[in-house]
Protein chains: 2
Amino acid sequence: MSVNGGPTGGSGASDGAHAAANRYVPEATVARLATYFRVLGSFGENGTTTVSSDELATAAGVNSAMLRKDLSFLGSYGIRGVGYDVDTLTGQIARALGLTVHRSVVLVGVGNLGQALAGYAGFGSRGFHIAALLDADPARVGTCIRGLVVRDIAALADVVHEEGITIAVLATPAAVAQDVCDQLVAAGITSILNFAPVVLSVPPHVDVRKVDLAAELQILSFHESRKHAMPRPVAR
Amino acid sequence: MSVNGGPTGGSGASDGAHAAANRYVPEATVARLATYFRVLGSFGENGTTTVSSDELATAAGVNSAMLRKDLSFLGSYGIRGVGYDVDTLTGQIARALGLTVHRSVVLVGVGNLGQALAGYAGFGSRGFHIAALLDADPARVGTCIRGLVVRDIAALADVVHEEGITIAVLATPAAVAQDVCDQLVAAGITSILNFAPVVLSVPPHVDVRKVDLAAELQILSFHESRKHAMPRPVAR
DNA sequence: TAGATTGTTAATCGATTAACAATC
DNA sequence: TAGATTGTTAATCGATTAACAATC
(Lines give C-alpha, C1' and ligand atoms only; values in the text may rest on other atoms or scores of the structure.)
Protein backbone atom coordinates (compact mmCIF):
# COMPACT_ATOMS: atom_id res chain seq x y z
CA MET A 1 0.00 0.00 0.00
CA SER A 2 1.00 3.61 -0.21
CA VAL A 3 4.14 4.87 1.48
CA ASN A 4 3.53 8.51 2.40
CA GLY A 5 1.56 9.04 -0.78
CA GLY A 6 -0.50 7.47 -3.49
CA PRO A 7 -4.21 7.75 -3.91
CA THR A 8 -6.74 6.37 -1.49
CA GLY A 9 -8.85 3.73 -3.14
CA GLY A 10 -12.56 4.36 -3.02
CA SER A 11 -15.78 4.20 -4.90
CA GLY A 12 -16.75 6.92 -7.29
CA ALA A 13 -20.32 6.26 -6.37
CA SER A 14 -23.18 8.69 -6.51
CA ASP A 15 -24.22 10.53 -3.38
CA GLY A 16 -27.02 12.50 -1.91
CA ALA A 17 -26.61 15.72 0.06
CA HIS A 18 -24.85 14.11 3.02
CA ALA A 19 -24.16 10.56 1.87
CA ALA A 20 -20.40 10.89 1.93
CA ALA A 21 -19.52 8.03 4.24
CA ASN A 22 -17.05 6.30 1.98
CA ARG A 23 -16.13 8.64 -0.84
CA TYR A 24 -12.73 8.69 -2.48
CA VAL A 25 -10.44 11.12 -0.66
CA PRO A 26 -7.12 12.18 -2.26
CA GLU A 27 -4.05 11.39 -0.22
CA ALA A 28 -3.00 15.05 -0.06
CA THR A 29 -6.40 15.87 1.37
CA VAL A 30 -6.15 13.20 4.06
CA ALA A 31 -2.91 14.72 5.32
CA ARG A 32 -4.49 18.16 5.54
CA LEU A 33 -7.60 16.87 7.29
CA ALA A 34 -5.37 16.11 10.28
CA THR A 35 -4.30 19.76 10.34
CA TYR A 36 -7.85 21.06 10.02
CA PHE A 37 -8.87 18.76 12.84
CA ARG A 38 -6.23 20.19 15.14
CA VAL A 39 -6.99 23.80 14.21
CA LEU A 40 -10.72 23.24 14.68
CA GLY A 41 -9.89 21.95 18.15
CA SER A 42 -8.30 25.30 18.97
CA PHE A 43 -11.31 27.18 17.65
CA GLY A 44 -13.56 24.99 19.77
CA GLU A 45 -11.50 25.64 22.90
CA ASN A 46 -11.79 29.37 22.20
CA GLY A 47 -15.55 29.03 22.26
CA THR A 48 -15.84 29.81 18.55
CA THR A 49 -18.94 28.10 17.19
CA THR A 50 -18.73 29.02 13.50
CA VAL A 51 -15.80 29.49 11.11
CA SER A 52 -15.65 30.53 7.48
CA SER A 53 -13.43 28.69 5.02
CA ASP A 54 -11.28 31.78 4.93
CA GLU A 55 -10.70 31.84 8.68
CA LEU A 56 -10.04 28.11 8.90
CA ALA A 57 -7.79 28.13 5.85
CA THR A 58 -5.72 31.01 7.21
CA ALA A 59 -5.32 29.26 10.54
CA ALA A 60 -4.30 26.06 8.78
CA GLY A 61 -1.92 27.82 6.44
CA VAL A 62 -3.66 26.87 3.20
CA ASN A 63 -5.66 28.48 0.41
CA SER A 64 -9.38 28.73 1.17
CA ALA A 65 -10.32 27.21 -2.18
CA MET A 66 -8.25 24.17 -1.32
CA LEU A 67 -9.85 23.93 2.10
CA ARG A 68 -13.33 23.97 0.63
CA LYS A 69 -12.37 21.37 -1.96
CA ASP A 70 -10.86 19.18 0.75
CA LEU A 71 -13.99 19.42 2.89
CA SER A 72 -16.23 18.73 -0.09
CA PHE A 73 -14.82 15.19 -0.22
CA LEU A 74 -16.40 14.54 3.17
CA GLY A 75 -19.81 15.86 2.17
CA SER A 76 -21.60 19.16 2.33
CA TYR A 77 -21.43 20.40 5.90
CA GLY A 78 -21.11 24.16 5.45
CA ILE A 79 -23.84 26.77 5.33
CA ARG A 80 -23.63 29.22 2.43
CA GLY A 81 -23.36 32.78 3.57
CA VAL A 82 -22.48 31.62 7.09
CA GLY A 83 -19.61 29.15 7.28
CA TYR A 84 -19.04 25.87 9.09
CA ASP A 85 -20.28 24.86 12.53
CA VAL A 86 -17.10 24.04 14.46
CA ASP A 87 -18.53 21.06 16.32
CA THR A 88 -20.21 19.52 13.29
CA LEU A 89 -17.11 19.84 11.16
CA THR A 90 -14.85 18.53 13.91
CA GLY A 91 -17.06 15.49 14.21
CA GLN A 92 -17.16 14.85 10.50
CA ILE A 93 -13.39 15.05 10.16
CA ALA A 94 -12.98 12.77 13.17
CA ARG A 95 -15.29 10.28 11.52
CA ALA A 96 -13.43 10.51 8.21
CA LEU A 97 -10.08 9.96 9.91
CA GLY A 98 -11.41 6.98 11.80
CA LEU A 99 -10.92 8.68 15.16
CA THR A 100 -14.38 7.85 16.46
CA VAL A 101 -13.23 4.35 17.27
CA HIS A 102 -10.63 3.85 19.95
CA ARG A 103 -7.19 3.20 18.47
CA SER A 104 -4.40 1.64 20.47
CA VAL A 105 -0.89 1.44 19.14
CA VAL A 106 2.14 -0.62 20.03
CA LEU A 107 5.56 1.01 20.21
CA VAL A 108 8.54 -1.17 19.36
CA GLY A 109 12.00 -0.02 20.37
CA VAL A 110 12.33 2.04 23.54
CA GLY A 111 15.77 3.49 22.94
CA ASN A 112 16.48 7.18 22.89
CA LEU A 113 13.73 8.19 20.48
CA GLY A 114 11.29 5.46 21.49
CA GLN A 115 11.29 6.59 25.11
CA ALA A 116 10.51 10.13 24.05
CA LEU A 117 7.67 8.91 21.85
CA ALA A 118 6.34 6.79 24.71
CA GLY A 119 6.10 9.94 26.78
CA TYR A 120 4.87 12.22 24.03
CA ALA A 121 1.66 13.76 25.33
CA GLY A 122 0.52 14.69 21.83
CA PHE A 123 -0.46 11.12 21.04
CA GLY A 124 -2.81 10.77 23.97
CA SER A 125 -4.38 14.17 23.55
CA ARG A 126 -5.06 13.55 19.89
CA GLY A 127 -6.80 10.23 19.94
CA PHE A 128 -4.14 7.58 20.33
CA HIS A 129 -3.28 5.36 23.23
CA ILE A 130 0.06 3.62 23.46
CA ALA A 131 -1.06 0.26 24.79
CA ALA A 132 2.28 -1.48 24.94
CA LEU A 133 6.04 -0.95 24.78
CA LEU A 134 8.24 -3.67 23.37
CA ASP A 135 11.99 -4.09 23.06
CA ALA A 136 14.46 -6.85 22.27
CA ASP A 137 17.10 -5.72 24.76
CA PRO A 138 16.87 -7.80 27.99
CA ALA A 139 18.26 -4.82 29.90
CA ARG A 140 15.23 -2.77 28.94
CA VAL A 141 12.57 -5.47 29.26
CA GLY A 142 10.82 -5.14 32.60
CA THR A 143 11.72 -1.50 33.09
CA CYS A 144 8.91 0.95 33.52
CA ILE A 145 8.46 3.96 31.23
CA ARG A 146 5.62 6.38 31.85
CA GLY A 147 3.70 3.79 33.77
CA LEU A 148 4.07 1.06 31.18
CA VAL A 149 6.26 -1.99 31.67
CA VAL A 150 8.50 -2.73 28.68
CA ARG A 151 7.77 -6.23 27.43
CA ASP A 152 9.87 -8.57 25.35
CA ILE A 153 9.40 -8.38 21.62
CA ALA A 154 8.50 -12.06 21.81
CA ALA A 155 5.19 -10.98 23.36
CA LEU A 156 4.30 -9.05 20.19
CA ALA A 157 1.68 -11.44 18.84
CA ASP A 158 0.02 -11.75 22.27
CA VAL A 159 -0.09 -8.00 22.79
CA VAL A 160 -1.51 -7.32 19.35
CA HIS A 161 -4.25 -9.92 19.75
CA GLU A 162 -5.12 -9.05 23.35
CA GLU A 163 -5.50 -5.35 22.62
CA GLY A 164 -6.81 -5.55 19.08
CA ILE A 165 -3.95 -3.40 17.81
CA THR A 166 -3.42 -2.75 14.10
CA ILE A 167 -1.03 0.24 14.24
CA ALA A 168 2.63 0.08 15.28
CA VAL A 169 5.26 2.73 15.87
CA LEU A 170 8.67 1.42 14.88
CA ALA A 171 11.58 3.11 16.65
CA THR A 172 14.26 0.43 16.61
CA PRO A 173 17.80 0.81 15.26
CA ALA A 174 17.94 0.75 11.47
CA ALA A 175 19.81 -2.53 11.42
CA VAL A 176 16.91 -4.53 12.85
CA ALA A 177 14.00 -2.50 11.50
CA GLN A 178 13.14 -4.77 8.56
CA ASP A 179 13.28 -7.84 10.76
CA VAL A 180 11.01 -6.26 13.38
CA CYS A 181 8.75 -5.01 10.60
CA ASP A 182 8.36 -8.58 9.33
CA GLN A 183 7.38 -9.65 12.84
CA LEU A 184 4.84 -6.84 13.06
CA VAL A 185 3.25 -7.88 9.77
CA ALA A 186 3.21 -11.52 10.84
CA ALA A 187 1.44 -10.50 14.05
CA GLY A 188 -1.32 -8.78 12.10
CA ILE A 189 -0.21 -5.14 12.13
CA THR A 190 -1.50 -3.30 9.04
CA SER A 191 -0.15 0.23 9.62
CA ILE A 192 3.37 1.21 10.60
CA LEU A 193 4.82 4.58 11.51
CA ASN A 194 8.52 4.08 10.82
CA PHE A 195 11.22 6.20 12.48
CA ALA A 196 14.10 3.99 11.39
CA PRO A 197 15.98 5.37 8.39
CA VAL A 198 15.39 2.37 6.14
CA VAL A 199 12.97 1.60 3.34
CA LEU A 200 10.68 -1.12 4.67
CA SER A 201 9.34 -3.91 2.49
CA VAL A 202 5.78 -4.78 3.35
CA PRO A 203 2.95 -6.69 1.69
CA PRO A 204 0.37 -4.65 -0.23
CA HIS A 205 -2.22 -4.60 2.55
CA VAL A 206 0.16 -2.85 4.96
CA ASP A 207 0.58 0.94 5.07
CA VAL A 208 3.87 2.50 6.02
CA ARG A 209 4.50 6.15 6.80
CA LYS A 210 8.02 7.19 7.52
CA VAL A 211 9.46 10.02 9.56
CA ASP A 212 13.09 10.63 8.61
CA LEU A 213 14.51 13.33 10.84
CA ALA A 214 17.88 13.66 9.13
CA ALA A 215 16.20 13.77 5.72
CA GLU A 216 14.10 16.72 6.90
CA LEU A 217 17.26 18.61 7.79
CA GLN A 218 18.82 17.70 4.45
CA ILE A 219 15.82 19.14 2.63
CA LEU A 220 16.20 22.36 4.62
CA SER A 221 19.91 22.28 3.81
CA PHE A 222 19.10 22.13 0.10
CA HIS A 223 17.07 25.31 0.37
CA GLU A 224 19.74 26.98 2.49
CA SER A 225 22.24 26.37 -0.32
CA ARG A 226 19.94 28.04 -2.80
CA LYS A 227 19.34 31.04 -0.58
CA HIS A 228 23.00 31.83 -0.22
CA ALA A 229 24.16 30.68 -3.65
CA MET A 230 25.80 33.06 -6.06
CA PRO A 231 23.63 33.69 -9.10
CA ARG A 232 25.10 31.82 -12.03
CA PRO A 233 26.30 33.84 -14.99
CA VAL A 234 23.84 33.64 -17.83
CA ALA A 235 24.82 31.17 -20.52
CA ARG A 236 26.22 32.91 -23.56
CA MET B 1 8.80 30.19 1.61
CA SER B 2 7.47 26.72 1.13
CA VAL B 3 6.11 24.69 4.02
CA ASN B 4 6.80 21.03 3.22
CA GLY B 5 6.15 21.65 -0.43
CA GLY B 6 6.06 24.15 -3.21
CA PRO B 7 8.53 24.40 -6.02
CA THR B 8 12.16 25.25 -5.58
CA GLY B 9 12.98 28.44 -7.40
CA GLY B 10 15.73 28.18 -9.92
CA SER B 11 16.93 29.19 -13.31
CA GLY B 12 15.77 27.37 -16.36
CA ALA B 13 19.08 28.12 -17.95
CA SER B 14 20.85 26.09 -20.57
CA ASP B 15 23.53 23.65 -19.55
CA GLY B 16 26.38 21.66 -20.96
CA ALA B 17 27.03 18.01 -20.21
CA HIS B 18 27.82 18.51 -16.54
CA ALA B 19 26.91 22.13 -15.90
CA ALA B 20 24.08 21.43 -13.50
CA ALA B 21 25.26 23.43 -10.53
CA ASN B 22 22.13 25.44 -10.01
CA ARG B 23 19.34 23.92 -12.03
CA TYR B 24 15.73 23.96 -10.95
CA VAL B 25 14.92 20.89 -8.85
CA PRO B 26 11.29 19.97 -8.09
CA GLU B 27 10.42 19.81 -4.42
CA ALA B 28 9.34 16.16 -4.66
CA THR B 29 12.74 15.34 -6.12
CA VAL B 30 14.61 17.10 -3.31
CA ALA B 31 12.85 14.95 -0.73
CA ARG B 32 13.79 11.78 -2.58
CA LEU B 33 17.41 12.85 -3.03
CA ALA B 34 17.79 12.50 0.72
CA THR B 35 16.62 8.89 0.44
CA TYR B 36 18.92 8.12 -2.48
CA PHE B 37 21.79 9.62 -0.52
CA ARG B 38 21.17 7.33 2.42
CA VAL B 39 20.73 4.23 0.26
CA LEU B 40 23.89 5.05 -1.70
CA GLY B 41 25.68 5.21 1.64
CA SER B 42 24.67 1.61 2.30
CA PHE B 43 25.85 0.51 -1.13
CA GLY B 44 29.15 2.25 -0.50
CA GLU B 45 29.60 0.51 2.85
CA ASN B 46 28.97 -2.81 1.14
CA GLY B 47 31.83 -2.09 -1.20
CA THR B 48 29.53 -1.75 -4.20
CA THR B 49 31.13 0.60 -6.71
CA THR B 50 28.46 0.75 -9.42
CA VAL B 51 24.67 0.65 -9.32
CA SER B 52 22.06 0.67 -12.05
CA SER B 53 18.99 2.88 -11.81
CA ASP B 54 16.98 -0.29 -11.32
CA GLU B 55 19.00 -1.46 -8.33
CA LEU B 56 19.06 1.94 -6.70
CA ALA B 57 15.38 2.55 -7.36
CA THR B 58 14.41 -0.79 -5.87
CA ALA B 59 16.48 -0.12 -2.78
CA ALA B 60 14.92 3.33 -2.43
CA GLY B 61 11.39 2.05 -3.00
CA VAL B 62 10.70 4.05 -6.15
CA ASN B 63 10.19 3.53 -9.86
CA SER B 64 13.45 3.48 -11.85
CA ALA B 65 12.12 5.99 -14.39
CA MET B 66 11.46 8.43 -11.56
CA LEU B 67 14.91 7.85 -10.13
CA ARG B 68 16.56 8.61 -13.47
CA LYS B 69 14.44 11.69 -13.92
CA ASP B 70 15.31 12.86 -10.41
CA LEU B 71 19.02 12.37 -11.03
CA SER B 72 18.82 14.12 -14.38
CA PHE B 73 18.06 17.38 -12.55
CA LEU B 74 21.53 17.21 -11.03
CA GLY B 75 23.27 16.62 -14.33
CA SER B 76 24.37 13.60 -16.33
CA TYR B 77 26.44 11.41 -14.07
CA GLY B 78 25.51 7.92 -15.24
CA ILE B 79 27.18 5.77 -17.86
CA ARG B 80 24.85 4.23 -20.44
CA GLY B 81 25.02 0.47 -20.49
CA VAL B 82 26.78 0.49 -17.11
CA GLY B 83 25.03 2.47 -14.38
CA TYR B 84 26.17 5.03 -11.83
CA ASP B 85 29.42 5.14 -9.94
CA VAL B 86 28.41 5.04 -6.28
CA ASP B 87 31.02 7.51 -5.07
CA THR B 88 30.46 10.01 -7.85
CA LEU B 89 26.71 9.97 -7.41
CA THR B 90 26.96 10.20 -3.64
CA GLY B 91 29.15 13.25 -4.02
CA GLN B 92 26.85 14.92 -6.51
CA ILE B 93 23.80 14.42 -4.32
CA ALA B 94 25.72 15.70 -1.30
CA ARG B 95 26.63 18.78 -3.28
CA ALA B 96 23.04 19.31 -4.43
CA LEU B 97 21.72 18.98 -0.89
CA GLY B 98 24.30 21.44 0.39
CA LEU B 99 25.93 18.81 2.59
CA THR B 100 29.45 19.62 1.47
CA VAL B 101 29.52 22.61 3.77
CA HIS B 102 29.39 22.06 7.50
CA ARG B 103 25.92 22.72 8.89
CA SER B 104 25.33 23.34 12.56
CA VAL B 105 21.85 23.52 13.99
CA VAL B 106 20.41 24.90 17.19
CA LEU B 107 17.81 22.91 19.10
CA VAL B 108 15.26 24.90 21.09
CA GLY B 109 13.21 23.14 23.76
CA VAL B 110 14.82 20.26 25.60
CA GLY B 111 11.70 18.66 27.02
CA ASN B 112 10.73 15.07 26.43
CA LEU B 113 11.09 15.09 22.66
CA GLY B 114 13.87 17.68 22.53
CA GLN B 115 16.13 15.59 24.74
CA ALA B 116 15.64 12.59 22.48
CA LEU B 117 16.43 14.69 19.42
CA ALA B 118 19.54 16.05 21.14
CA GLY B 119 20.74 12.49 21.55
CA TYR B 120 19.61 11.22 18.17
CA ALA B 121 22.70 9.75 16.54
CA GLY B 122 21.14 9.97 13.10
CA PHE B 123 21.72 13.71 12.87
CA GLY B 124 25.44 13.48 13.47
CA SER B 125 25.97 10.52 11.19
CA ARG B 126 24.13 12.19 8.36
CA GLY B 127 25.80 15.55 8.18
CA PHE B 128 24.38 17.68 10.97
CA HIS B 129 25.88 18.88 14.17
CA ILE B 130 23.75 20.11 17.02
CA ALA B 131 25.81 23.06 18.15
CA ALA B 132 23.62 24.33 20.97
CA LEU B 133 20.66 23.43 23.17
CA LEU B 134 18.38 26.20 24.39
CA ASP B 135 15.43 26.25 26.77
CA ALA B 136 13.38 28.84 28.62
CA ASP B 137 12.92 26.77 31.77
CA PRO B 138 15.43 27.87 34.46
CA ALA B 139 15.31 24.36 35.89
CA ARG B 140 16.73 22.98 32.65
CA VAL B 141 19.21 25.76 31.88
CA GLY B 142 22.68 24.71 32.98
CA THR B 143 21.94 20.99 32.88
CA CYS B 144 24.05 18.84 30.63
CA ILE B 145 22.56 16.67 27.89
CA ARG B 146 24.81 14.47 25.80
CA GLY B 147 27.78 16.65 26.61
CA LEU B 148 26.10 19.93 25.80
CA VAL B 149 25.13 22.46 28.43
CA VAL B 150 21.58 23.76 28.02
CA ARG B 151 21.69 27.54 27.66
CA ASP B 152 19.02 30.13 28.24
CA ILE B 153 16.89 31.03 25.26
CA ALA B 154 18.08 34.59 25.85
CA ALA B 155 21.44 33.48 24.45
CA LEU B 156 19.82 32.64 21.10
CA ALA B 157 21.16 35.58 19.11
CA ASP B 158 24.66 35.09 20.51
CA VAL B 159 24.69 31.38 19.74
CA VAL B 160 23.42 31.88 16.21
CA HIS B 161 26.00 34.52 15.43
CA GLU B 162 28.92 32.75 17.13
CA GLU B 163 28.33 29.49 15.33
CA GLY B 164 27.00 30.83 12.03
CA ILE B 165 23.80 28.82 12.43
CA THR B 166 20.90 29.19 9.99
CA ILE B 167 18.88 26.04 10.81
CA ALA B 168 16.86 25.51 14.00
CA VAL B 169 15.00 22.52 15.39
CA LEU B 170 11.93 23.68 17.31
CA ALA B 171 10.73 21.25 19.99
CA THR B 172 9.00 23.53 22.46
CA PRO B 173 5.44 23.16 23.75
CA ALA B 174 2.86 24.27 21.19
CA ALA B 175 1.78 27.21 23.31
CA VAL B 176 5.10 29.03 22.98
CA ALA B 177 6.17 27.78 19.55
CA GLN B 178 5.14 30.88 17.59
CA ASP B 179 6.81 33.16 20.08
CA VAL B 180 10.04 31.17 19.97
CA CYS B 181 9.77 31.02 16.18
CA ASP B 182 9.62 34.81 16.05
CA GLN B 183 12.77 34.95 18.17
CA LEU B 184 14.49 32.48 15.84
CA VAL B 185 13.64 34.57 12.81
CA ALA B 186 14.76 37.75 14.55
CA ALA B 187 18.08 36.05 15.34
CA GLY B 188 18.66 35.28 11.68
CA ILE B 189 17.48 31.68 11.40
CA THR B 190 16.20 30.94 7.87
CA SER B 191 15.19 27.26 8.16
CA ILE B 192 13.10 25.67 10.89
CA LEU B 193 12.25 22.03 11.53
CA ASN B 194 9.10 22.29 13.63
CA PHE B 195 7.94 19.51 15.96
CA ALA B 196 5.31 21.63 17.71
CA PRO B 197 1.77 20.94 16.47
CA VAL B 198 1.08 24.50 15.35
CA VAL B 199 1.12 26.30 12.03
CA LEU B 200 4.00 28.75 12.21
CA SER B 201 3.88 32.18 10.60
CA VAL B 202 7.20 33.16 9.10
CA PRO B 203 8.42 35.76 6.62
CA PRO B 204 8.86 34.63 3.01
CA HIS B 205 12.60 34.09 3.24
CA VAL B 206 12.23 31.47 5.99
CA ASP B 207 11.56 27.78 5.27
CA VAL B 208 9.57 25.67 7.67
CA ARG B 209 9.22 21.93 7.59
CA LYS B 210 6.94 20.32 10.11
CA VAL B 211 6.91 16.90 11.69
CA ASP B 212 3.51 16.19 13.24
CA LEU B 213 3.63 12.83 14.96
CA ALA B 214 -0.05 12.63 15.90
CA ALA B 215 -1.05 13.67 12.38
CA GLU B 216 0.96 10.77 10.99
CA LEU B 217 -1.00 8.36 13.15
CA GLN B 218 -4.26 10.00 12.09
CA ILE B 219 -3.38 9.46 8.45
CA LEU B 220 -2.71 5.79 9.18
CA SER B 221 -5.99 5.69 11.07
CA PHE B 222 -7.81 6.96 8.01
CA HIS B 223 -6.48 4.07 5.96
CA GLU B 224 -7.27 1.60 8.73
CA SER B 225 -10.91 2.71 8.58
CA ARG B 226 -11.00 2.08 4.88
CA LYS B 227 -9.43 -1.35 5.20
CA HIS B 228 -12.02 -2.59 7.63
CA ALA B 229 -15.02 -0.66 6.29
CA MET B 230 -18.09 -2.43 5.04
CA PRO B 231 -18.54 -1.92 1.30
CA ARG B 232 -21.38 0.51 0.74
CA PRO B 233 -24.45 -0.76 -1.08
CA VAL B 234 -24.46 0.48 -4.65
CA ALA B 235 -26.80 3.44 -5.21
CA ARG B 236 -30.02 2.39 -6.89
C1' DT C 1 -33.61 41.95 -0.63
C1' DA C 2 -28.45 42.58 -0.27
C1' DG C 3 -24.39 40.62 1.45
C1' DA C 4 -21.77 36.74 2.46
C1' DT C 5 -19.94 32.37 1.77
C1' DT C 6 -20.23 27.70 0.17
C1' DG C 7 -19.57 23.91 -3.25
C1' DT C 8 -18.14 23.03 -7.82
C1' DT C 9 -16.28 23.78 -12.32
C1' DA C 10 -12.64 24.34 -15.37
C1' DA C 11 -8.07 25.84 -16.07
C1' DT C 12 -3.52 25.41 -14.66
C1' DC C 13 0.24 23.45 -12.73
C1' DG C 14 3.36 19.89 -11.13
C1' DA C 15 4.57 14.95 -10.59
C1' DT C 16 4.76 10.29 -12.31
C1' DT C 17 5.35 6.83 -15.69
C1' DA C 18 6.17 4.21 -19.98
C1' DA C 19 8.65 4.06 -23.85
C1' DC C 20 12.62 4.54 -26.57
C1' DA C 21 16.49 6.81 -29.00
C1' DA C 22 21.12 7.61 -27.67
C1' DT C 23 25.22 5.58 -26.42
C1' DC C 24 28.38 3.06 -23.42
C1' DT D 1 28.83 -5.93 -32.76
C1' DA D 2 25.21 -7.16 -29.30
C1' DG D 3 23.54 -6.22 -24.91
C1' DA D 4 22.66 -3.12 -21.36
C1' DT D 5 21.30 1.00 -19.37
C1' DT D 6 21.00 5.95 -19.36
C1' DG D 7 18.69 10.47 -20.27
C1' DT D 8 14.72 12.46 -22.28
C1' DT D 9 10.32 12.80 -24.41
C1' DA D 10 5.53 12.75 -24.31
C1' DA D 11 1.48 11.02 -22.24
C1' DT D 12 -0.94 10.52 -18.15
C1' DC D 13 -2.27 11.43 -13.76
C1' DG D 14 -3.18 14.00 -9.60
C1' DA D 15 -3.19 18.40 -7.01
C1' DT D 16 -3.93 23.31 -6.76
C1' DT D 17 -6.20 27.51 -7.75
C1' DA D 18 -9.32 31.14 -9.48
C1' DA D 19 -13.69 32.13 -10.51
C1' DC D 20 -18.52 32.01 -9.96
C1' DA D 21 -23.24 30.13 -9.75
C1' DA D 22 -25.93 28.51 -6.00
C1' DT D 23 -27.95 29.63 -1.87
C1' DC D 24 -28.05 30.77 3.03
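What you see is a predicted model; the values in this text were computed from it and never measured. Labels below follow one simple rule: chain letters A, B, ... track the order of the sequence lines, proteins then strands, and each chain is numbered from 1.
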### Query
Under 4.0 Å between a Lys/Arg side-chain N and an Asp/Glu carboxylate O for Arg126(A) and Asp212(B)?
yes

### Task
To the nearest Å, give me how far apart CZ (Phe73(B)) and P (dT8(D)) are.
10 Å

### Task
Find which nucleotide of DNA chain C each of Tyr84(A) and Thr29(B) is nearest to by heavy atoms, and output the residue with the more 5' nucleotide.
Tyr84(A)

### Rounded interatomic separation in angstrom, taking CZ from Arg23(A) and P from dG7(C)
11 Å

### Summary
Whole-Å distance, Tyr24(A) OH to dC13(D) P, equals 12 Å

### Query
Out of dT8(C), dT8(D), dT6(D), which has the shortest distance to the side chain of Ser52(B)?
dT6(D)

### Parallel, tilted or perpendicular, as decided by the 30° and 60° cut-offs, for the rings of Tyr24(A) and Phe73(A)
perpendicular

### Message
Side-chain N or O of Arg32(A) versus OP1/OP2 of dA15(D): is the shortest distance under 4.0 Å?
### Response
no

### Task
Please state how far atom CZ in Arg80(A) lies from atom C1' in dG3(C), giving the value in whole angstrom units.
15 Å

#### Entry: pair Val106(B)-Ile189(B): side-chain heavy atoms closer than 4.5 Å
yes

#### Entry: Nucleotide dA15(D), atom C1' - distance to CG of Asp70(A) in whole Å
10 Å

### Task
Could you check which nucleotide pairs with dC24(D) in any of the strands shown, counting Watson-Crick or G-U wobble with both distances under 3.5 Å?
dG3(C)

### Query
Should Glu55(B) and Tyr84(B) count as side-chain neighbours, where that means a heavy-atom distance under 4.5 Å?
no

### Message
What is the distance, to the nearest angstrom, from the CG atom on Asn63(A) to the C1' atom on dT12(C)?
### Response
13 Å

### Query
With both distances kept under 3.5 Å, what pairs with dT17(D), Watson-Crick or G-U wobble?
dA10(C)

### Message
What's Ala65(A) touching, base or sugar-phosphate or nothing? Going by heavy atoms closer than 4.0 Å.
### Response
base

### Query
When the nearest nucleotide of DNA chain D is assigned to Lys69(B) and to Ser53(B) on a heavy-atom basis, which residue is associated with the more 5' position?
Ser53(B)

### Query
Whole-Å distance between dT5(C) C1' and Glu55(A) CD?
11 Å

### Summary
note: Leu89(B), atom CG; dT5(D), atom P; distance rounded to Å ~ 16 Å

### Side-chain heavy-atom pair Val105(B), Ile130(B) within 4.5 angstrom cut-off
yes

